[in-house]
Amino acid sequence: MHIAYVCTDPGIPVWGAKGASIHVQEMLRAFLKRDAKVTLLTPRTEGAPPSDLAGVELHPLPPAPKGDAESRARALLATNDTLANALDMLQPDLVYERHALMSCAAMEWAARNDRPGVLEVNAPLIAEQAAHRQLALPEQAETVAQRSTQAARLSCAVTEPVAQYVRDMGGTDVIVVPNAVNPARFPAPKPRPERPFTVGFLGSMKPWHGLNTLVQAFAQLRHVVPDARLLIVGDGPERAQIEVQVREYGLSGATEITGLLPAADVPSALARMDVGTAPYHAMEDFYFSPLKIYEYMAAALPVVTTHTGDLALLVTDNETGLITPPGDAYGLTQALAQLAADLPWAQAMGKAARAHVLAHHTWDATADHVLTRALDGKARAA
């Protein structure tokens with residue numbers, strides 16, 4: 001089988017280290033394991049692929065121009081013709097696309113040529129762009145999204161709110177496929193070395209991640225656990241503000257911010273933590289499937305997160321982690337203090353978390369499910 005993987009989003013460097021990049025790489029990896037020929041069509045070709053993805057054929061698309069939002073949007077619209085021509089040349093057996101603004105050619109090409117078209121949707125992109133960046137050509141963006149979702153044979157949404165977004169756009173066969181992990185990246189943890197209790201965060205340091213609450217809670221925790229450490233793995237728009245907050249609380253000597261790490265270095269960073277945190281703020285329309293939580297669990301870390309969205313369905317309170325009210329620094333402090341006071345209990349929850357995610361949320365299982373459904377139940381790998 002020849003699979004064309006399409007990612008036209010100019011914000012996703014496919015060989016990068018951000019969460020979306022890891023998602024792309026893991027699906028490519030899972031497709032290759034099924035003996036598929038895989039061609040990746042993308043405008044972001046910089047960097048070198050991981051060695052085990054060297055077999056992916058790369059078909060570059062025109063990069064989005066720098067400049068004003070409308071010029072970029074029009075360039076993305078123009079890429080549809082280029083993409084359709086590329087698919088005419090490649091003639092794949094199946095087209096798999098990571099949903100992107102202004103992109104509809106991949107799913108329409110698949111429908112027109114009677115090939116399975118799978119649309120992976122990770123967010124309500126139009127609303128997200130309008131809220132957090134600048135949405136140019138909103139009417140065209142809406143029309144193109146409708147064309148793409150209506151042409152797709154199968155749409156895979158990471159959460160139920162995203163699935164509803166796809167249905168509202170006209171998608172018909174829509175399934176929920178959350179994020180996952182690659183067990184090969186997260187070997188069984190070694191015995192914990194003697195070290196201070198370490199609170200961890202992995203992610204892109206965005207406003208909704210609740211890092212300000214985490215730092216406040218950590219400052220309170222230090223009154224109970226004076227040698228506790230805070231390890232933040234990642235980078236992002238909130239970093240400067242968080243660094244100021246860390247200094248104001250006098251936590252600079254107890255806090256480390258690594259910046260963005262290569263994917264290969266993330267498991268060893270998680271191995272330095274005793275708990276993984278995801279202290280999301282309350283949001284009216286929480287639609288995320290946080291990759292960080294799946295990776296915490298794979299690394300056998302208990303997870304402390306909040307009653308936001310459906311996170312309590314992923315993290316079971318007092319079994320695989322602890323659930324606290326969003327925005328509640330005191331509640332977060334109490335949860336962390338409980339774990340620090342009873343490390344065997346914390347480790348038992350981490351072990352249960354790892355067992356759960358490896359049994360129910362792996363990229364290989366995701367690929368099997370998606371391909372089987374897209375191929376009308378006929379698992380073919382020719």
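- Applying the side-chain contact (heavy atoms from CB on, under 4.5 Å) test to P183 and every residue at least two apart in sequence or in another chain returns L358, T362.
- Scanning for side-chain hydrogen bond (donor to acceptor under 3.5 Å, both in side chains) contacts around R115 gives Q91, with sequence neighbours left out.
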_I'd like to know whether D342 forms a side chain to side chain donor-acceptor pair (under 3.5 Å) with Q338, so could you lay out the CA-CA distance, the side-chain angles of the two residues, the decisive distance to 0.1 Å, and finally the verdict._
CA-CA 6 Å; D342 193 343; Q338 283 182 274; over 6 Å; no
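- Y296 and F218 fall within the same hydrophobic cluster, defined by Ile, Leu, Val, Met, Phe, Trp and Tyr side-chain heavy atoms under 4.5 Å apart, directly or through other members.
- Residues S21 and P13 approach most closely at OG-O, 2.6 Å, considering heavy atoms.
- Panel note: side chain S148, backbone V144; no donor-acceptor pair is recorded below 3.5 Å.
- Here the CG-CG distance, from L119 to L154, works out to 9.0 Å after rounding to the nearest 0.5 Å.
- The neighbour count for D88 CG, taken as heavy atoms of other residues, nucleotides or ligands under 6.0 Å away, is above 12.
- With hydrogens and angles disregarded, a donor-acceptor distance shorter than 3.5 Å links the side chain of T79 to the backbone of A75.
- When ring centroids are compared, F31 and Y96 come within the 6.0 Å threshold.
- Here the two rings, on Y165 and Y287, have centers that are 6.0 Å apart or farther.
- Listed by chain and number, the residues in a side-chain contact (heavy atoms from CB on, under 4.5 Å) with R133 are E128, Q129 (sequence neighbours excluded).
- L230 and I242 fall within a single hydrophobic cluster, where Ile, Leu, Val, Met, Phe, Trp and Tyr are joined by side-chain heavy atoms under 4.5 Å apart, directly or via other members.
- The closest donor-acceptor contact from the side chain of R354 to the backbone of A298 lies under 3.5 Å.
- For the residue pair Y5 and M27, the shortest heavy atom distance occurs at CE1-CB, 3.9 Å.
- Counting only distance, with no hydrogens or angles, the side chain of R153 and the backbone of G117 share no donor-acceptor pair below 3.5 Å.
- Using cut-offs of 30° and 60° on the angle between ring planes, the pair Y280 and F288 is parallel.
- Smallest separation of non-hydrogen atoms from R195 and M273: NH2-O, 3.0 Å.
- In summary, the side chains of H281 and N212 do present a donor paired with an acceptor at a separation below 3.5 Å, with no hydrogens or angles considered.
- Of all heavy-atom pairs between L332 and T213, the closest is CD2-O, 4.1 Å.
- N122 places no side-chain N or O within donor-acceptor distance of the main-chain N or O of V158, the cut-off being under 3.5 Å.
- Linking Ile, Leu, Val, Met, Phe, Trp and Tyr whenever their side-chain heavy atoms come within less than 4.5 Å puts F197 and V246 in one cluster.
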